[in-house]
Amino acid sequence: MGSMGKVLGVGLVVGCAVAMCVVAGTMVGKRVKSRRRWRKVVKILEEFEEGCATPVEKLRQVVDAMAVEMHAGLASEGGSKLKMLLTFVQNLPNGSERGVYYGLDLGGTNFRVLRVQLGGQRSAILEPGVERQPIPEHLMTSTSEVAKFELFDFIAASLQKFVEKEGNGSVALEGKLRELGFTFSFPVKQTSVSSGILIKWTKGFSIHDTVGKDVSECLNQALERRGLDMRVAVLINDTVGTLALGHYHDEDTVAAVIIGTGTNACYLERSDDIIKCQGLLTTSGAMVVNMEWGNFWSSHLPRTSYDIELDSESPNPNDQGFEKMISGMYLGDIVRRVILKMSQESDVFGLSFSKLSTPFILRSPLIAAMHEDDSPDLREVARILGEILEIGDVPLKVRKLVVKVCDVVTRRAARLAAAGIVGILKKMGRDGSGGIASGEVRGGSHSKMRRTVVAIEGALYTSYTLFREYLNDAIADILGEDISPHVVLKVMEDGSGMGAAVLAAAYSSSGQDTL
Ligand code: BGC
């Protein structure tokens, strides 16, 4: 090889080395960048996790705040963000109810019609016939002048179909009106056990010209327009239905909680403690109070920037703050907001268009499915990210990140709900904090804590195992091992609708043993 060839050879080698260095440099640069972006994402997660922390000391502060707000809400009208609404339900079913009654449950994503036949002596509820239907979207948010009529006519039509299907043989009513328990799961100012005025809509419902109207009257009129021989015997909140069914089966049931699309609780209060209605005469000395705890607020609640944004962009800003951290309608949207932020700060979710900016696209069953995905490669997470959010090819470590976000959101929600429940027990003197006198029953020389049952309904608790476990564990953590065995959380399936029918029996015009 001549000197020219050598030079060329050396030049080539040098050229290749330079090129390789450039490639390597670019790769290193890319890796450094991608590591930096990953760190950013991890930082977002860490900050979020920190913001959502619910150590037991914090939960105890929430417990105390809940009890304090309950007192304030009972002391005066508007005394607290907790409305503490009177229900006029003074006696809970005791199992002696008899007859055929109907329940209508409106307030979540579905609405249900059912019939129960009660045989007395706390018999099993015979022949429950249930029919579920989704509420058409346009009826939930209608702004038209006739919206109110549309919704109630739709319900009345479904009731009519339900009754027609029974035929004549199945129910002998001897010419009497059919009596209906109407569960209407929104804040209502009751004017009697069978009537009440809608205070506001929640859970994304918003129907023109209905706030301030008597909802029983609206339904009774729609029933009349259809010539249906049915009338509203009781108008109740879903929590009250759940408490009623719980009490029907187990007399130690004193409170009820719903954690579904929305969240709320009710409990049996001593009339003397309902200061805002002094002189309230009750035959039993007690009344069920619908707390409307979805609107509870306390500076002790761990709130993040994502919660603040969710609230301000919601149709009801500054409202239902507790509900927005706990209930099924919102959990998925908090997760979505955190992932969206991650995708804006990095490319871990790819660069192409996704549906991450679509509000409420991640519903809570999807969150549960991702959170509880136990396949080694998180196949379900990949499927949901791909099919629902249109984010493909997500590496395993990013899928794990998504699971972690679901975990943080769900854990906080479950633990806050647990603190709320203990807050009620505290107000009732059944959390053991009052020492020996608190919630105690004397039995000979031994004193023991009274058994307290809280009826619970709603898909987050009944169908989301990790949520349920987090909630149960938090109650045990807050109450401690001496007290928590005396507190029983009992699932009341279909409690809100079934309870309405049972309460209709208890308050039936034909007279029952409970009244
Ligand atoms: C409503 C309550 C209801 C709860 C659970 C809330 O949004 O305000 O009345 O009990 O949802 O359905």
Side-chain angles (χ1 to χ4, degrees), residues 73 80-89 103-112 132 135 140-141 181-190 196-207 210-211 215-216 234-246 255-267 288-297 310-311 314-331 333 360 364 413 416-417 420-421 424 454-464 467 471 491-500 503:
S80 161
K81 288 201 108 179
L82 282 184
K83 286 213 148 39
M84 306 300 283
L85 299 168
L86 302 189
T87 62
F88 292 85
V89 173
L104 171 70
D105 185 2
L106 173 73
T109 14
N110 289 312
F111 105 95
R112 283 173 284 199
R132 277 165 225 271
I135 303 166
M140 288 164 52
T141 51
F182 181 18
T183 305
F184 184 76
S185 309
F186 301 94
V188 164
K189 186 173 170 53
Q190 302 265 163
I197 284 158
L198 175 62
I199 299 173
K200 64 179 183 187
W201 289 107
T202 56
K203 298 177 279 199
F205 276 69
S206 148
I207 302 169
T210 31
V211 170
V215 281
S216 279
V234 289
L235 169 70
I236 58 164
N237 186 258
D238 50 357
T239 52
V240 180
T242 303
L243 175 58
L245 189 68
V257 175
I258 305 275
I259 314 174
T261 310
T263 184
N264 190 13
C266 75
Y267 71 109
V288 175
V289 172
N290 167 15
M291 292 173 60
E292 285 298 330
W293 88 359
N295 201 34
F296 167 67
W297 193 251
L310 180 145
D311 179 56
S314 73
N316 54 344
N318 284 320
D319 199 31
Q320 300 292 99
F322 199 48
E323 176 159 278
K324 284 172 182 160
M325 292 172 109
I326 289 183
S327 80
M329 172 148 183
Y330 303 99
L331 292 197
D333 214 50
F360 295 104
S364 53
L416 291 179
I421 294 172
I424 301 175
V454 178
I456 186 158
E457 210 207 340
L460 277 197
Y461 191 82
T462 57
S463 314
Y464 190 167
F467 183 96
L471 191 150
V491 171
M492 276 306 125
E493 227 168 297
D494 263 334
S496 47
M498 210 79 104
L503 264 177

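Note that ligands are numbered from 1 as they come in the structure, with each ligand's atoms numbered from 1 the same way. Owing to the predicted nature of the structure, the values given are computational and were not obtained by experimental measurement.
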Trainee: Using modelled atom types and a 3.5 Å cut-off, is there a donor and acceptor pairing between side-chain atoms of Asn290 and backbone atoms of Cys266?
Mentor: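 Checking the backbone N and O of Cys266 against the side chain of Asn290, no donor-acceptor pair under 3.5 Å is found.
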
Trainee: Determine the interplanar angle of the Phe205 and Trp201 rings, folded into 0 to 90°, and report it as parallel if under 30°, tilted if 30 to 60°, perpendicular if over 60°.
Mentor: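 Rings of Phe205 and Trp201: parallel, as their planes differ by under 30°.
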
Trainee: Among the heavy atoms of Pro187, does any lie under 4.0 Å from an atom of ligand 1?
Mentor: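 Pro187 counts as a contact of ligand 1 under the 4.0 Å cut-off.
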
Trainee: Tell me whether ligand 1 is touched by Lys200 - counting only heavy atoms on the residue side and a distance under 4.0 Å.
Mentor: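 No.
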
Trainee: Who gets closest to atom 1 (C) of ligand 1 by heavy atom: Gly260, Ser185, Gly294, Gly262?
Mentor: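 When every heavy atom of Gly260, Ser185, Gly294, Gly262 is considered, Ser185 comes closest to atom 1 (C) of ligand 1.
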
Trainee: Please report which non-hydrogen protein atom sits nearest to atom 6 (C) of ligand 1, along with the residue it belongs to and the distance in Å to one decimal place.
Mentor: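 Atom 6 (C) of ligand 1 sits closest to the protein heavy atom Glu323 OE1, 3.1 Å.
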
Trainee: Begin from the C-alpha positions of Lys81 and Asn318 and carry the test side chain to side chain donor-acceptor pair (under 3.5 Å) through to its verdict.
Mentor: CA-CA 11 Å; Lys81 288 201 108 179; Asn318 284 320; over 6 Å; no

Trainee: Answer yes or no: does an N/O atom from Thr239 fall short of 3.5 Å to an N/O atom of ligand 1?
Mentor: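 There is no such contact.
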
Trainee: Is it the side chain, the backbone, both or neither of Asn290 that has a heavy atom closer than 4.0 Å to ligand 1?
Mentor: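 None of Asn290 does.
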
Trainee: Relative to the heavy atoms of Phe186, which atoms of ligand 1 are at a distance of less than 4.0 Å?
Mentor: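 Counting atoms of ligand 1 from 1, those under 4.0 Å from Phe186 are 9 (O).
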
Trainee: How close does the nearest protein non-hydrogen atom get to atom 11 (O) of ligand 1, and which residue and atom is it?
Mentor: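 Looking only at protein heavy atoms, the one closest to atom 11 (O) of ligand 1 is Lys203 NZ, 3.1 Å.
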
Trainee: For the side chain to side chain contact (heavy atoms under 4.5 Å, CB included) test, which of Ile258, Ile456, Asn264 pairs with Thr242?
Mentor: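 For Thr242, the side chain to side chain contact (heavy atoms under 4.5 Å, CB included) test succeeds with only one of Ile258, Ile456, Asn264, which is Ile258.
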
Trainee: Starting from atom 10 (O) of ligand 1, find the nearest protein heavy-atom neighbour and note its residue, name and distance.
Mentor: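 Looking at atom 10 (O) of ligand 1, the protein heavy atom closest to it is Asp238 OD1, 2.6 Å.
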
Trainee: Side chain of Lys203, backbone of Met329: donor and acceptor closer than 3.5 Å?
Mentor: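 Checked: no pair found.
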
Trainee: In terms of atom number and element, which parts of ligand 1 are under 4.0 angstrom from non-hydrogen atoms of Asn237?
Mentor: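 What qualifies from ligand 1 is 2 (C), 3 (C), 9 (O), 10 (O).
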
Trainee: For ligand 1, which atoms sit closer than 4.0 Å to a heavy atom of Glu292?
Mentor: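 Heavy-atom distances to Glu292 below 4.0 Å select 1 (C), 2 (C), 8 (O), 9 (O).
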
Trainee: List ligand 1 atoms under 4.0 Å from Gln320, heavy atoms only on the residue side.
Mentor: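 Those qualifying, in numeric order: 7 (O), 8 (O).
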
Trainee: Would you give the length of the straight line joining atom CG of Leu198 to atom OG1 of Thr210, rounded to the nearest 0.5 angstrom?
Mentor: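 Result: 5.5 Å between the selected atoms.
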
Trainee: Side chains of Tyr267 and Ile421: does their closest heavy-atom pair fall under 4.5 Å?
Mentor: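 They are not in contact (no side-chain heavy atoms under 4.5 Å apart), so the answer is no.
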
Trainee: Going by heavy atoms in the side chains, are Ile236 and Ser496 under 4.5 Å from each other?
Mentor: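 Not in contact.
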
